[in-house]
Every structure is written in C-alpha cells, then in structure tokens.
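Take a look at the structure below.
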Amino acid sequence: LLAVLMSLIGNVLEGVQTDCYAFDQFLGVFWGTETESYFPLFNWFLFVAAGKMFGKWYKRLADKKRFYAISAPISALCFAGFIYVTSSTDPGLFRFHEVTHHGFCWMRLPEVLACISCFPVMFGICYWISLVLPEKTLRYVCHPSVYVNQYYNLSWVLIMFVPFFYVGTNDWQHVLIWLIVMLFTILGVVAYNKWFRTQLETFFGHHPYFWTAVVWIVSLSFAIYAFVTYSSFPNEFNGYASIC
C-alpha cells in the first residue's frame with residue numbers, strides 16, 4: 001500500500017522542479033524532473049515491494065506447477081492485451097509509445113500494474129524450462145540470476161565506456177556491441193567471484209562505514225565540481241543526443 005501511494009505521489013509530482021539544476025537532479029532521484037532523471041524511486045518502488053512480497057510467498061509455495069497452470073494463462077491474456085493496447089492504440093493510460101525516455105522511465109501506476117500482471121507467464125515459462133534442463137546446465141543458466149546485481153552493475157559500467165571506443169552505425173554493429181558487452185560482463189563476474197570476491201569483501205568488510213563514506217565523498221565531489229564548473233548540462237530535454 002505504501003508503494004502504491006508512492007507511485008501515485010510520483011505521478012502527481014512529475015515535472016515539479018526548481019530552477020536550480022543541482023537541486024532538480026536531487027529531486028529527480030525521487031520523481032521525474034527535466035534532468036538525467038531515470039527510474040525515480042517513487043515511480044519504481046512498487047516493483048521492489050511486489051517482488052519482495054511475491055518472493056517471500058513463493059518460497060513457501062508447495063505446488064508451483066498448479067500455481068503456474070492457473071496464473072500463466074491469465075497472465076498471458078493480460079500480456080497480449082497490454083501489447084495490443086500499447087502498440088495498436090494511442091491511449092493516455094500507457095505511455096510506452098512516447099519517443100522520450102520518460103514514458104518508460106517515469107512509469108505511472110497503471111503501467112506498473114500492467115507489467116506486474118505480465119510476470120507470471122514469464123516466470124512460468126522459465127519454471128517449465130527448468131524442469132527439463134539437466135542439473136548441470138541449470139546451474140549455468142541460473143548464474144545471472146544468482147549474481148544479478150553484479151551482472152547489472154558491471155554491464156552498465158561497460159556500456160558507459162563503449163562510446164569512447166566504438167559507436168555502432170547499423171543494427172549488426174549494435175548486435176556485435178551487445179555481444180561484446182555481454183561476453184566481458186560474464187567473464188568479469190565469473191573472474192570476480194572466483195579469484196577476487198573473498199579478498200575484496202574481507203578487505204572492505206573491516207571498515208564498511210569508512211568505505212561507504214569514501215564512495216559518498218568521491219561521488220559528491222565529482223557532482224559538485226560539475227555543477228560549479230558548468231552553466232548548462234547535457235540531458236535528453238535539451239537535445240544533446242541529437243546534437244551528437
């Protein structure tokens with residue numbers, strides 16, 4: 001209920017901002033502002049709450065086959081309806097068709113609920129596949145799920161550095177870039193967990209508050225430097241992508 005309320009508040013406050021870019025960037029962490037404001041907390045926390053509630057219940061679920069036999073077909077109908085509405089009509093209820101990023105990143109409550117209703121069919125497909133896969137194969141398939149935070153963070157670090165080395169100009173080149181990023185992400189995660197994780201977690205675990213403070217200080221120092229040095233900042237709303 002709190003997450004639903006947060007989603008509604010995020011919808012209402014969308015676009016509410018000041019003339020101070022630094023402060024608007026801070027507000028953009030909570031709701032959508034015309035800065036680099038992606039996935040604001042108020043708009044997206046409902047996914048976290050729903051996922052945690054579902055996961056806690058799912059671990060105690062005795063008959064998963066029966067659950068998916070009932071929920072997956074219903075979810076598939078919801079998914080089909082959702083795809084039809086977003087692709088074949090132009091309603092105000094869903095905004096995925098919008099060209100700008102905030103139609104997706106500033107997701108509103110109806111879109112969040114629609115997405116959540118689509119998950120059981122996806123989970124069901126994965127569950128049924130897991131029943132027929134050999135146990136050794138399943139261990140490799142589940143690797144990204146087990147280490148999802150590492151995969152997510154490392155992949156985005158690589159994605160951010162890709163434009164410094166190579167920019168794709170057609171679909172095949174974009175596919176190649178995607179495959180390269182995926183390969184280096186897998187290698188990085190596997191290498192980290194095999195050779196570095198224990199030592200690094202032990203080292204940083206001795207003084208966690210100190211290292212947390214260091215991360216905050218370094219991050220804020222870069223942010224303050226940027227805000228003080230520049231008078232205008234590139235973001236989607238002032239057309240920097242089209243200029244590039």
Side-chain angles (χ1 to χ4, degrees), residues 1-17 27-61 63-131 141-142 144-145 148-149 151-153 155-156 159 174 178 182 235-237 241:
L1 291 176
L2 175 61
V4 170
L5 179 61
M6 290 171 64
S7 179
L8 292 172
I9 293 174
N11 301 161
V12 172
L13 294 179
E14 180 180 305
V16 174
Q17 55 193 28
L27 295 179
V29 174
F30 302 96
W31 65 80
T33 61
E34 293 186 4
T35 62
E36 291 296 84
S37 175
Y38 299 98
F39 313 111
L41 175 66
F42 288 179
N43 300 68
W44 283 79
F45 186 74
L46 185 52
F47 284 112
V48 180
K52 184 169 180 61
M53 183 175 67
F54 176 79
K56 186 177 181 181
W57 171 79
Y58 189 76
K59 288 192 294 185
R60 302 196 303 266
L61 181 62
D63 193 346
K64 293 181 173 61
K65 286 185 179 180
R66 185 165 180 266
F67 166 71
Y68 285 122
I70 297 173
S71 65
I74 298 174
S75 176
L77 291 174
C78 294
F79 184 61
F82 183 41
I83 293 298
Y84 171 76
V85 170
T86 54
S87 61
S88 302
T89 63
D90 188 25
L93 185 63
F94 302 125
R95 302 189 300 169
F96 285 103
H97 60 280
E98 292 184 0
V99 177
T100 56
H101 82 268
H102 56 268
F104 174 76
C105 293
W106 300 355
M107 197 174 292
R108 292 175 175 173
L109 181 59
E111 296 160 327
V112 175
L113 296 178
C115 286
I116 291 175
S117 72
C118 299
F119 291 160
V121 67
M122 302 178 188
F123 294 162
I125 292 173
C126 293
Y127 174 75
W128 289 318
I129 292 175
S130 72
L131 296 179
V141 172
C142 292
S145 179
V148 61
N149 288 336
Y151 273 92
Y152 183 86
N153 289 320
S155 65
W156 269 108
I159 290 169
H174 287 132
W178 179 80
M182 183 176 67
N235 62 60
E236 182 170 287
F237 294 94

Residues which pass side chain to side chain contact (heavy atoms under 4.5 Å, CB included) with [X], listed by chain and number, not counting sequence neighbours:
X: V148; result: none
X: I116; result: L46, F47, A50, V112, F119
X: K52; result: none
X: N149; result: N153

Can you name the nearest heavy-atom pair linking [X] to [Y], along with the distance?
X: G32; Y: N43; result: N-OD1, 4.4 Å
X: G10; Y: F42; result: CA-CB, 3.8 Å
X: S37; Y: W106; result: O-NE1, 2.8 Å
X: Q17; Y: L27; result: CA-CD1, 4.4 Å

Report yes if some heavy atom in the side chain of [X] is under 4.5 Å from a heavy atom in the side chain of [Y]; otherwise report no.
X: F39; Y: F104; answer: yes
X: V16; Y: W31; answer: yes
X: W178; Y: M182; answer: yes

Got a second to check how far [X]'s [atom1] is from [Y]'s [atom2], nearest 0.5 Å?
X: S71; Y: K64; atom1: OG; atom2: NZ; answer: 12.0 Å
X: M107; Y: N11; atom1: CE; atom2: CG; answer: 11.0 Å
X: R108; Y: L113; atom1: CZ; atom2: CG; answer: 14.0 Å
X: F30; Y: M6; atom1: CZ; atom2: CE; answer: 9.0 Å
X: L2; Y: I9; atom1: CG; atom2: CD1; answer: 8.0 Å

Return a table of donor-acceptor pairs under 3.5 angstrom between the side chains of residues 72-80 and protein atoms on other chains or two or more places apart.
residue, atom, partner, partner atom, Å
S75, OG, S117, O, 2.8
S75, OG, C118, O, 3.1
S75, OG, V121, N, 3.1

Can you name the side-chain hydrogen bond (donor to acceptor under 3.5 Å, both in side chains) partners of Y58, sequence neighbours left out?
-> Y68

Main-chain N/O of C105 paired with W44 side-chain donor or acceptor, under 3.5 Å | yes

